[in-house]
Amino acid sequence: MQKYDHKKIEKKWQEQWAADELYKTAEGSGKPKAYILDMFPYPSGEGLHVGHPKGYIATDVYSRFKKMNGYEVLHPMGWDAFGLPAENFAIKHKVHPRVAVERNIENFKKQLAHLGFNYDWSREINTTDPSYYKWTQWVFLQLFKKGLAYESHEPINWCPSCQTGLANEDLESDGTCERCGSTVEKKPMRQWVLKITDYADRMLQDLDTLTQWPSHIKEAQRNWIGRSEGAEIDFNLTFTTHPEHNGWRNPEDGRPAHIRVFTTRPDTLFGATYLVLAPEHPWVRAVWDTEHNNTVENKDEVAAYVVAAQKKTEIERTTQDKEKTGVELMGIKAVNPATQEEIPVFVADYVLAHYGTGAIMAVPAHDERDYAFAQKYNLPIVPVISPITGVPQENPEYRKSIVAIVHDPKTDTYLTVRWKDRNQTLFVGGGMEDGEDPQTTAAREICEETRCTNVRYVSQTMPIRHNYFAHSKGVAREIDAIGFLFELEDDEETPQTLEENEKEQFDIEWHPATEVASLIKDELHALVWQLLVKKEPYTGTGLLINSDVYTGMQSVDAKVAITNDVGGMRTTTYKLKDWVFSRQRYWGEPIPIIHCEKCGAVPVPEEDLPVTLPEVDHYEPTGTGESPLADIESWVNVTCPSCGGAGKRETNTMPQWAGSSWYYLRFVDPHNTNALIDVRKEKDWMPVDVYVGGDHAVRHLIYARFWHKFLYDIGVVSTIEPFTRLEFLGFILAEDGRKMSKRWGNIINPDDVVLQHGADTLRVYEMFMGPFENTVAWSTNGLVGAQRFIERTWRLQSHLTETTHDAVTRELHRTIRKVSEDIEAFKFNTSIAQMMTFVNVATEHGLTEADYRTFLQLLAPFAPHMTEELWRVHFGNKDSIHASAWPTYNEELLTEETVVLAVQINGKVRGEVTVSVGATQDDVVGLITSDERFARWIPNTPQRIIFVPNKLINMVISDNVDK
RNA sequence: GCCGAGGUGGCGGAAUUGGUAGACGCGCACGACUCAAAAUCGUGUUCCUUCGGGGGUGGGGGUUCGAUUCCCCCCCUCGGCACCA
């Protein structure tokens with residue numbers, strides 16, 4: 001037997017498979033289809049490190065498995081090669097981006113080829129190929145025609161280093177550019193924008209249909225879309241120092257001057273004691289450039305604040321969450337439409353311009369930020385919601401009661417009462433007696449429970465409705481409670497004494513604030529603590545108070561009623577913004593629009609697509625906000641397709657995400673020149689059955705789902721979602737536990753690993769490292785373990801026997817079952833563990849040729865080269881092992897005749913007995929009682945015996961052991 | 001802060017309709033082969049132990065004959081979002 005020589009064997013089969021077109025996907029084969037897709041790579045100049053192929057190995061294993069199970073498999077690969085990184089790389093290395101991309105792709109393909117992947121390369125696509133981006137442009141035209149692509153002049157994110165506009169999604173959470181880390185500015189500029197918000201609701205709702213997606217990805221999408229329901233309510237304005245403006249009506253709509261706010265809590269309208277506008281709010285700008293320009297007395301102060309706010313970067317404005325700042329617009333008041341009271345109007349940068357209407361009604365009693373602001377500027381805080389806690393019960397007994405917190409300023413501790421029977425710690429509490437006022441009740445209860453007599457009232461809460469079940473009395477209770485805070489007077493000693501009979505019931509204890517929070521579990525008492533001691537506003541829902549005719553209503557009903565009654569509008573807002581779709585760079589798909597003075601923005605006729613990128617001398621960004629394409633007059637100047645007059649081409653290009661938003665469709669029909677995808681083929685192959693990737697999963701999936709739903713609406717595709725099942729890929733860290741990076745010098749190149757250890761070893765190792773979705777550090781030792789497994793399997797040739805051994809047969813059938821189930825579930829690590837177990841058993845007992853062949857088939861998806869060599873050369877099969885039919889297992893062969901049964905005495909394992917399958921309790925008891933090993937553990941007759949057939953027996957000698 | 005996922009030997013990890021915790025691999029130790037080394041093969045490897053046993057799946061409590069698995073509370077790690085009204 002020769003030693004396994006991976007260098008020779010792997011190369012040989014890779015060439016053979018290519019020559020045989022083993023992996024070409026057939027159309028109309030009549031087999032069930034399986035579309036298995038990797039998130040296609042961006043071919044960087046760095047090449048691959050060992051982390052990159054992990055996902056590709058998984059899809060390769062899965063594809064081979066499905067093929068052997070009789071599926072027609074579509075498993076393609078392509079290149080996402082437009083975009084800033086490719087362009088920056090090209091500029092840095094002084095080559096044309098196209099040349100750089102071609103070179104990088106060649107390198108990537110070579111690296112991938114070494115790993116023996118089964119891609120159908122006849123379907124290779126490249127987003128920078130004009131025959132591909134023709135259809136990216138085509139989709140844009142359809143969006144334009146449906147009004148979903150529009151021009152906007154809103155200020156956008158501008159990266160001064162990349163010299164281009166960016167979508168919100170291109171920013172890090174601290175507001176810096178995700179590519180280069182520069183601080184991003186706001187710059188007003190003409191932009192193309194896609195109306196993704198039109199699809200926000202559907203993208204959100206249809207997440208529920210994606211049952212085979214990991215929940216964390218779905219959750220991330222929900223966060224990103226950020227839907228919230230609320231209402232828009234108008235507050236009319238009055239001008240206190242210039243009352244002559246009060247009758248003013250907007251000539252456009254005839255409405256009086258007003259500010260429209262967005263709120264999710266219209267039920268708190270009676271508690272809205274001031275308004276806040278974002279510094280960028282149009283009304284703030286109106287302060288100095290409209291007919292109201294003399295209505296604000298402190299115009300200069302306001303202007304200074306707004307300018308200062310605009311100078312602050314996104315980072316400064318968002319990290320500065322301690323201290324809120326703002327300026328009141330003096331001379332203007334807003335009228336609360338519920339109370340008709342005049343309330344002040346502020347400008348403050350804690351309100352964001354791009355969310356809702358850019359203006360809020362502040363309800364300091366029930367919002368943390370408004371509360372902080374109101375405290376600082378001494379604004380009125382009016383509670384309008386009375387909290388409801390607990391779960392309402394059937395037929396409750398109604399009571400009024402109090403909760404009293406007593407603070408001892410001398411020791412800075414708080415009084416708690418620990419009830420012994422319930423093992424529960426509370427503050428002082430108790431029911432009100434007839435005719436008693438709450439404060440008297442509180443003082444009385446404090447006195448009764450603690451002997452403190454000299455307490456001073458500090459503050460109290462609004463009423464709190466509390467529902468609970470009083471277990472001690474066996475009744476459901478609904479109580480209205482008021483919380484109080486009292487302080488011990490200076491001269492009083494901290495009292496401790498209790499009567500003897502009381503000591504049996506409860507202890508009184510004094511704890512510092514830090515401990516109290518973790519001791520008080522009761523919802524009502526914890527809420528009183530939050531309101532009175534931590535002085536936090538109540539932000540939950542409840543019953544309305546101080547709200548005129550709505551008092552007593554539930555929040556949920558009041559939201560509707562109040563919104564309607566003040567002429568508000570129920571609306572939904574999203575955190576997701578429309579997608580800024582143009583980039584002022586060279587290396588992207590030209591946006592197929594022609595600007596004409598007469599006709600405006602005119603779409604390029606479909607028959608003129610693609611609008612190809614012209615050759616240019618300088619593709620560096622101009623820095624003026626114009627794309628480098630703007631300089632090429634011969635390209636820019638065209639005839640208007642609509643009127644025949646002079647027109648100019650749109651010179652902005654599309655963002656990198658464009659091409660990847662639909663590529664999975666093109667793989668199905670990559671060479672179609674008449675359509676993006678053939679209707680019949682689309683029905684045959686879509687949706688993608690398994691989609692594998694990690695990293696930018698959230699953004700890419702948002703964009704791709706948006707385009708897919710649009711294409712569904714215009715009849716190009718037949719499914720509402722593109723990807724049925726999503727498998728998230730965990731990354732591979734370097735051996736030192738850090739990210740693999742040039743910077744740390746810890747990159748491991750797969751070429752080196754393949755050369756030294758072989759592709760099969762690398763494949764098996766990466767699948768064995770841990771659960772597929774886990775991030776795990778590379779281990780060279782672990783890699784060697786995989787190599788040993790490959791070589792042990794190879795050496796099984798010298799363990800062949802004529803007859804089969806029962807243990808080997810059983811293990812083989814177990815392995816067939818386990819490997820089949822685990823590959824389907826992407827649990828590659830445990831399927832390899834089971835195959836290792838089989839090799840161990842087979843090495844010990846020897847195995848027949850037939851069993852060996854079957855085992856090789858199981859291993860073939862993971863180690864395609866070594867298994868093919870044995871299959872064809874050693875066993876002389878004419879056809880590839882990868883075209884063979886997947887083995888099936890025989891249920892009967894899985895079971896053994898005897899089982900090892902655990903013997904427990906009082907729940908502790910004391911040994912085991914071997915019995916035949918199906919042995920009865922009597923059989924086993926007989927066996928144990930006659931076995932001296934167990935005699936010492938069984939001094940007398942067991943009180944109870946628990947018997948689980950074929951698993952264990954538990955003899956309970958005494959129930960009281962260890963208790 | 002909110003949402004999601006997770007926490008098991010020296011390491012990666014396995015096991016959940018509640019039923020012998022630590023499969024498989026790595027590492028380590030010892031042995032065989034060898035002049036020697038590598039490779040390979042074999043044995044052992046959760047911790048403590050007075051060798052009888054005892055403890056042990058992030059911590060604390062509960063249910064149970066029996067809990068990694070179910071319930072309650074808390075802590076920590078990772079990921080996403082974050083002044084979103």
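A note on names: the letters A, B, ... follow the listed sequences, proteins ahead of strands, and every chain is numbered from 1. Every heavy atom of this structure was used, including side-chain atoms; hydrogens, water molecules and symmetry mates were not.
Among the heavy atoms of the strands lying under 4.0 Å from Arg795(A) are primed sugar atoms or P, OP1, OP2 only; no base atom is included. Using a 4.0 Å heavy-atom criterion, one finds that Gly785(A) contacts the sugar-phosphate atoms exclusively. Nucleic acid contact for Asn954(A): base, since at least one base atom lies under 4.0 Å from a heavy atom of the residue. Residue Lys951(A) is in sugar-phosphate contact alone, with no base atom involved, counting any heavy-atom pair closer than 4.0 Å across all strands shown. As judged by a 4.0 angstrom heavy-atom cut-off over every strand, Glu219(A) is placed among residues touching the sugar-phosphate backbone only. As judged by a 4.0 angstrom heavy-atom cut-off over every strand, Arg792(A) is placed among residues touching the sugar-phosphate backbone only. Looking at heavy-atom distances under 4.0 Å, Glu773(A) makes no contact with the nucleic acid at all. Within the nucleic acid shown, Val900(A) comes within 4.0 Å of at least one base atom, counting heavy atoms only. Using a 4.0 Å heavy-atom distance criterion, Arg910(A) is classed as a sugar-phosphate-only contact.
Straight-line distance between the P atoms of A15(B) and A23(B): roughly 13 Å, to the nearest whole Å. Between U8(B) and G52(B), the distance separating the two P atoms is 34 Å to the nearest Å. C35(B) and G42(B) have their C1' atoms separated by 23 Å, with the value rounded to a whole Å. Taking atom P in both U64(B) and U45(B), the straight-line distance is 36 Å, to the nearest Å. C71(B) sits 30 Å from C81(B) when the P atoms are compared, rounded to a whole Å. Taking atom C1' on both U69(B) and G62(B), the two are 15 Å apart, rounded to the nearest angstrom. When the C1' atom is compared between C83(B) and U16(B), the two are found 42 Å apart, to the nearest whole Å. When the P atom is compared between U68(B) and G58(B), the two are found 10 Å apart, to the nearest whole Å.
By the rule that a glycosidic angle within 90° of 0 means syn, G9(B) counts as syn. Using a 90° window around 0 for the glycosidic torsion, G25(B) falls outside it and is classed as anti.
If you measure from atom CD of Glu844(A) to atom P of C24(B), you get 12 Å, rounded to the nearest angstrom. Spacing between atom NE2 of His216(A) and atom C1' of G4(B) amounts to 8 Å, rounded to whole angstrom units. What separates NZ of Lys218(A) from P of A5(B) is a distance of 11 Å, to the nearest Å. Atoms CD (Glu791(A)) and P (G25(B)) sit 15 Å apart, rounded to a whole Å. The distance between atom CG of Leu207(A) and atom C1' of G4(B), rounded to the nearest whole Å, is 14 Å. Atoms CG (Leu796(A)) and P (C41(B)) sit 11 Å apart, rounded to a whole Å. Between Met836(A) atom CE and C24(B) atom P the separation is 11 Å, expressed in whole Å. Rounding to whole angstrom units, NE2 of residue His354(A) and P of C83(B) are separated by 8 Å.
For the atom pair CD (Glu791(A)) and NZ (Lys3(A)), the distance works out to 4.5 Å, reported to the nearest 0.5 Å. Between the CD atom in Gln904(A) and the CD1 atom in Ile945(A) there is a gap of 13.0 Å [rounded to 0.5 Å]. With values rounded to the nearest 0.5 angstrom, Ile343(A) atom CD1 is found 10.0 Å from Leu379(A) atom CG.
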**Request:** Decide yes or no on ring pair (Phe, Tyr, Trp, His ring centres under 6.0 Å) for His366(A) and Tyr371(A), but give the supporting numbers first.
**Result:** CA-CA 7 Å; His366(A) 302 294; Tyr371(A) 182 81; 9.9 Å; no
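Atom NZ of Lys739(A) sits in a sparse spot, with 12 or fewer heavy atoms from other residues, nucleotides or ligands closer than 6.0 Å.
Checking A85(B), U20(B), A23(B) against every side-chain atom of Thr264(A), the shortest atom distance belongs to A85(B). Of the candidates A85(B), U20(B), C24(B), the closest approach to any side-chain atom of Asn840(A) belongs to C24(B). Relative to the side chain of Trp224(A), the nucleotides C81(B), A85(B), U20(B) differ in distance, and C81(B) lies closest.
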**Request:** Do nucleotides 8-18 of chain B as a string where each nucleotide becomes B, S or -: B if the base has a protein heavy atom under 4.0 Å, S if just the sugar-phosphate does, - if no protein is that close.
**Result:** ----BSS----
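For the strand RNA chain B, secondary-structure stems (runs of at least three Watson-Crick or G-U pairs, all distances below 3.5 Å) span B:1-7 with B:75-81, B:10-12 with B:24-26, B:27-32 with B:40-45, B:46-48 with B:53-55, B:58-62 with B:70-74.
Donor-acceptor pairing under 3.5 Å, judged by distance alone, is present between the side chain of Lys324(A) and the base of C83(B). Side-chain atoms of Asn223(A) stay outside donor-acceptor range of the base of C81(B), with no qualifying N/O pair under 3.5 Å.
Checked options Ile748(A), Val753(A), Val764(A); the residue passing with Leu783(A) is Val753(A) (criterion: side-chain contact (heavy atoms from CB on, under 4.5 Å)). With Ser555(A) as the partner, the side chain to side chain donor-acceptor pair (under 3.5 Å) test is satisfied by one option alone out of Asp267(A), Thr268(A), Thr541(A): Asp267(A). Phe346(A) pairs in a ring-ring contact (aromatic ring centres under 6.0 Å, His included) with only one of the listed residues (Trp283(A), Tyr274(A), Tyr305(A)), which is Tyr274(A).
A salt bridge between Asp5(A) and Lys7(A) is absent, with no side-chain N of the basic residue lying under 4.0 Å from a carboxylate O of the acidic one. We find that Asp208(A) and Arg222(A) are joined by a salt bridge, their nearest charged nitrogen and carboxylate oxygen being less than 4.0 Å apart. The pair Lys54(A)-Glu766(A) does not count as a salt bridge, with every side-chain nitrogen at least 4.0 angstrom from each carboxylate oxygen.
In terms of position on RNA chain B, the residue among Thr843(A) and Arg227(A) whose nearest nucleotide sits closer to the 5' end is Thr843(A).
There is no side-chain donor-acceptor pair under 3.5 Å between Gln834(A) and Arg817(A).
Put simply, Arg788(A) has a side-chain N or O that comes within less than 4.0 Å of OP1 or OP2 on G27(B).
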